[in-house]
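Everything below concerns the one structure shown next.
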Amino acid sequence: MALVLYNTATRRKEAFEPLEPGLVRLYVCGPTPYDYAHIGNARAFVAFDVLYRLLRARYGKVIYVRNITDVDDKINAAAREEGVGIDVVTARTIAAFHADMAALNVLPPTVEPRVTAHIAQIVAMIATLIAKGHAYLAEGHVLFHVPSMVDYGSLSGHSRDELIAGARIDVAPYKRDPGDFVLWKPSTPDLPGWDSPWGRGRPGWHIECSAMAETHLGLTIDIHGGGRDLVFPHHENERAQSLCAHGGVPFVRYWVHNGFVTVEGEKMSKSLGNFRTPNEVLRQAPGEAIRLALLAAHYRQPLDWTDDGLKAAKARLDNWYTALRLAEGVPAEAAEPGAFAAVLSDFARAMDDDLNTPMALGALDLLAGALNKATDRAQKAAFKAALVFGAGMIGLLNHAPEDWFKWQPPGVEGLDERAILDLIEQRLAARKAKDFARADAIRKQLADGGVLLEDKPGGRTEWKRAS
RNA sequence: GGCCGGGUAGCCAAGUGGUAAGGCGAGAGUCUGCAAAACUCUUAUUCGCGGGUUCGAUUCCCGCCCCGGCCUCCA
């Protein structure tokens, strides 16, 4: 079965094959570290993390490049406001970003290039574009000349005329064409800048991705990802730059874009102020639950972020961990590889179909149920293996069940473990003595402290924190 | 205004030209000293509305309504 991906460029699902067998080149637009990431940003990185894991499993080697745009006017503005250098702002924000990604179990990319380390490549690419007649100098700016490219607009489905007609911005007077966009812009002495043949300045928004993709992945990349809002203008312009600089050598074979996280039906965004950061949400639920909540809708669909959705994700993981806990002594391995593949086939099929995580999650639910119902040890082992493997493939079920059930929000100090175990001992003694009133009082006491008990056969009692 | 998406049970969310996965929630039962968990059963005669094509449409076509996004920094 082949992996099928929806390609924004063709607006249809296409079977995926890397250009070079056994090696996938993946580029995803990373953060601009001017401020903390929010759940909407995180969704993109979780979605592409799932893609990355799947590609690795299917094709072996993947070069995953996810850049950091550490040169940007919003960073300049933030730095100016604080009266510090841009590196202070970016260092702090990048550290927070990495912490957020780790909390959501997003794997680090193979390379995480920064714009500040690729100025030379950017300058070289701009020079090439000028030399080939695709860019021109005007009032200290270097601009990409859109009419110099025949099929500009084909990725986003916009014609140039439409774009001009719908333009809501004032067109800078020095542009030869209203659609022309900046490759290099002059910096005043108080702004970060680098020397170039066109004077001291800084790169425009789109050129850095073209240059970094070329540097780390070469002329043609297999998959380029990002949020839907990047299709235009960012990816359209990136494509124009790369194709023109490379003399028409194919740039991206599959364009993949994720949908937005909304809040009450509206796009989550900084400007609307309706955003939640991973850090805030981590006080409500473990990172794994946040990750699952982000995978509960198909990556191309909008996802409405709600507390209920997060709770449902946590409850679903509780189910899976409960199933694992019940099968504690059973090894997670199938007796024979064939059996393993068979029970996991629905999951694999769903993932292969354009990363249909909602359906894949459904398959895992069924596996958890099957694990609970299985009576035969070999069967249990196969279901357990399939559940753990499938969930692991999308970055879930990474904890030992006993640890999972001990989770409590950071900063919250519930009953300590010694006290809990001590009370459980006392309750067991009371039960043995048929003093059920006392036993129930202890249960109540623990419940008030957020600890729930489960009596198991054999006189054992397990506990978990309510959340 | 132009161009894209989407409208499926109380909520979330897949899906298919042949009669609606799964999760959360709710209800009943088995089990249990009581619980919890697990297991069993129930919870959309119906997929925004109106037409059309078809033996048959939620799924294809047309129109309409509503919601969101992009066209400007944005995952």
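None of these values were measured; they are calculated from a predicted model. Reminder, nothing fancy here: chain letters follow the sequence lines and each chain counts from 1.
At a threshold of 4.0 angstrom between heavy atoms, the contacts of A:Gln301 are confined to the sugar-phosphate backbone, with no base atom among them. Among the heavy atoms of the strands, none lies under 4.0 Å from A:His234. Within 4.0 Å of A:Val261, counting heavy atoms only, lies at least one base atom of the nucleic acid. Counting non-hydrogen atoms under 4.0 angstrom, A:Asp365 reaches the backbone sugars and phosphates but no base. Note on A:Gly226: only backbone sugar-phosphate atoms sit closer than 4.0 angstrom, heavy atoms only; bases stay farther off. Within 4.0 Å (heavy atoms only), A:Leu366 reaches sugar-phosphate atoms of the nucleic acid but no base atom.
Computed from coordinates, the A:Asp307 CG to B:G25 C1' distance equals 16 Å when rounded to whole Å. Rounded to an integer number of Å, the gap from A:Tyr36 OH to B:A75 P is 17 Å. Following rounding to the nearest Å, A:His235 (NE2) and B:C4 (P) show an atom-to-atom distance of 20 Å. Separating the CZ atom of A:Arg202 from the C1' atom of B:C73 is a distance of 14 Å, rounded to the nearest angstrom. If you measure from atom CG of A:Leu155 to atom C1' of B:C3, you get 13 Å, rounded to the nearest angstrom. The interatomic distance linking A:Trp255 (CH2) with B:A75 (C1') rounds to 14 Å, in whole Å. The nearest whole Å value for the distance from the NZ atom in A:Lys74 to the P atom in B:C73 is 9 Å. Rounded to a whole Å, the CG atom of A:Leu51 is 15 Å from the C1' atom of B:A75.
Proximity of A:Arg114 to A:Ile94: side-chain heavy atoms (C-beta onward) are separated by under 4.5 Å at one or more points. Using a 4.5 Å heavy-atom cutoff, the side chains of A:Leu446 and A:Trp463 are not in contact. Residues A:Met351 and A:Ile394 have side chains in contact (heavy-atom distance under 4.5 Å, counting atoms from C-beta outward).
Listed by first residue number, the stems of RNA chain B with at least three Watson-Crick or G-U pairs below 3.5 Å are B:1-7 with B:65-71, B:10-12 with B:22-24, B:25-30 with B:38-43, B:48-52 with B:60-64.
Here the separation of B:C34 from B:C41, taken at their P atoms, is 24 Å to the nearest Å. B:G22 and B:A44: their C1' atoms are spaced 15 Å apart (whole Å). Rounded to the nearest Å, the gap between the C1' atom of B:A75 and that of B:C64 is 34 Å. Comparing B:U19 with B:A35, their P atoms are spaced 42 Å from each other, to the whole Å. Of the P atoms belonging to B:A21 and B:A26, the separation is 23 Å, rounded to the nearest Å. Nucleotides B:G51 and B:A9 are separated by 26 Å at their C1' atoms, to the nearest Å. Comparing the P positions of B:C67 and B:U59 gives a spacing of 22 Å, expressed to the nearest Å. The separation of B:G29 from B:G23, taken at their C1' atoms, amounts to 22 Å, rounded to a whole angstrom.
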Check nucleotides 46-48 of chain B against the protein and report each pair of N or O atoms closer than 3.5 Å, with its distance, or say if there are none.
none

N/O to N/O distances under 3.5 Å, protein versus nucleotides 67-70 of chain B:
residue : atom : partner  : partner atom : Å
B:C70   : OP1  : A:Lys267 : NZ           : 2.5

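One finds the CD atom of A:Glu238 at 6.0 Å from the OG atom of A:Ser242 (value rounded to the nearest 0.5 Å). To the nearest 0.5 Å, atoms CG (A:Asp352) and OG (A:Ser345) are separated by 11.0 Å.
Nearest heavy-atom pair, A:Asn398 versus A:Asn105, reported as atom, atom and distance to 0.1 Å: ND2-ND2, 2.6 Å. The shortest non-hydrogen separation linking A:Ala323 to A:Leu371 is O-CD2, 3.7 Å. What you find for A:Tyr321 and A:Leu397 is that their closest heavy atoms are OH-CA, 3.2 Å. Of all the heavy atoms in A:Ile63 and A:His216, the pair that sits closest is CG2-O, 4.4 Å. Considering every non-hydrogen atom in both A:Asn279 and A:Asp100, the closest pair reads N-OD1, 4.1 Å. Considering every non-hydrogen atom in both A:Arg202 and A:Ser187, the closest pair reads NH1-OG, 3.1 Å.
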Exercise for review: Go through the steps for A:Arg239 and A:Asp151 under the test salt bridge (Lys or Arg N to Asp or Glu O under 4.0 Å), then give the verdict.
Suggested key: CA-CA 10 Å; A:Arg239 173 177 178 273; A:Asp151 71 336; 2.7 Å; yes
Point to revise | Trace of the salt bridge (Lys or Arg N to Asp or Glu O under 4.0 Å) decision for A:Arg427 with A:Asp455 | key: CA-CA 11 Å; A:Arg427 178 169 168 275; A:Asp455 292 330; 2.8 Å; yes
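In this structure, A:Ala313 and A:Leu303 both approach RNA chain B, and ranking their closest nucleotides by distance from the 5' end singles out A:Leu303. Place A:Thr32 and A:Ala363 on RNA chain B by their nearest nucleotides, and A:Ala363 ends up nearer the 5' end.
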Review point. Which letter, B, S or -, goes with each nucleotide of nucleotides 30-43 of chain B from 5' to 3', with contact meaning a protein heavy atom under 4.0 Å?
Key: ---BBBBSSSS---
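RNA chain B lies under 4.0 Å from at least one heavy atom of each of the following residues of residues 355-362 of chain A: A:Asn356, A:Pro358, A:Met359, A:Gly362.
Of the residues listed (A:Thr357, A:Val256, A:Leu294), the one engaging A:Tyr299 in a side-chain contact (heavy atoms from CB on, under 4.5 Å) is A:Val256, and it is the only one. Among the candidates A:Val106, A:Val28, A:Leu107, the single residue satisfying the side-chain contact (heavy atoms from CB on, under 4.5 Å) test with A:Tyr52 is A:Leu107. Here the rule is side-chain hydrogen bond (donor to acceptor under 3.5 Å, both in side chains) with A:Arg300, and of A:Asn258, A:Thr8, A:Asp354 only A:Asp354 fits it.
Residues satisfying the side chain to side chain contact (heavy atoms under 4.5 Å, CB included) criterion with A:Pro31, sequence neighbours excluded, are A:Phe45, A:Ile68, A:Phe97.
Between A:His141 and A:Trp184, the ring center distance fails the sub-6.0 Å criterion.
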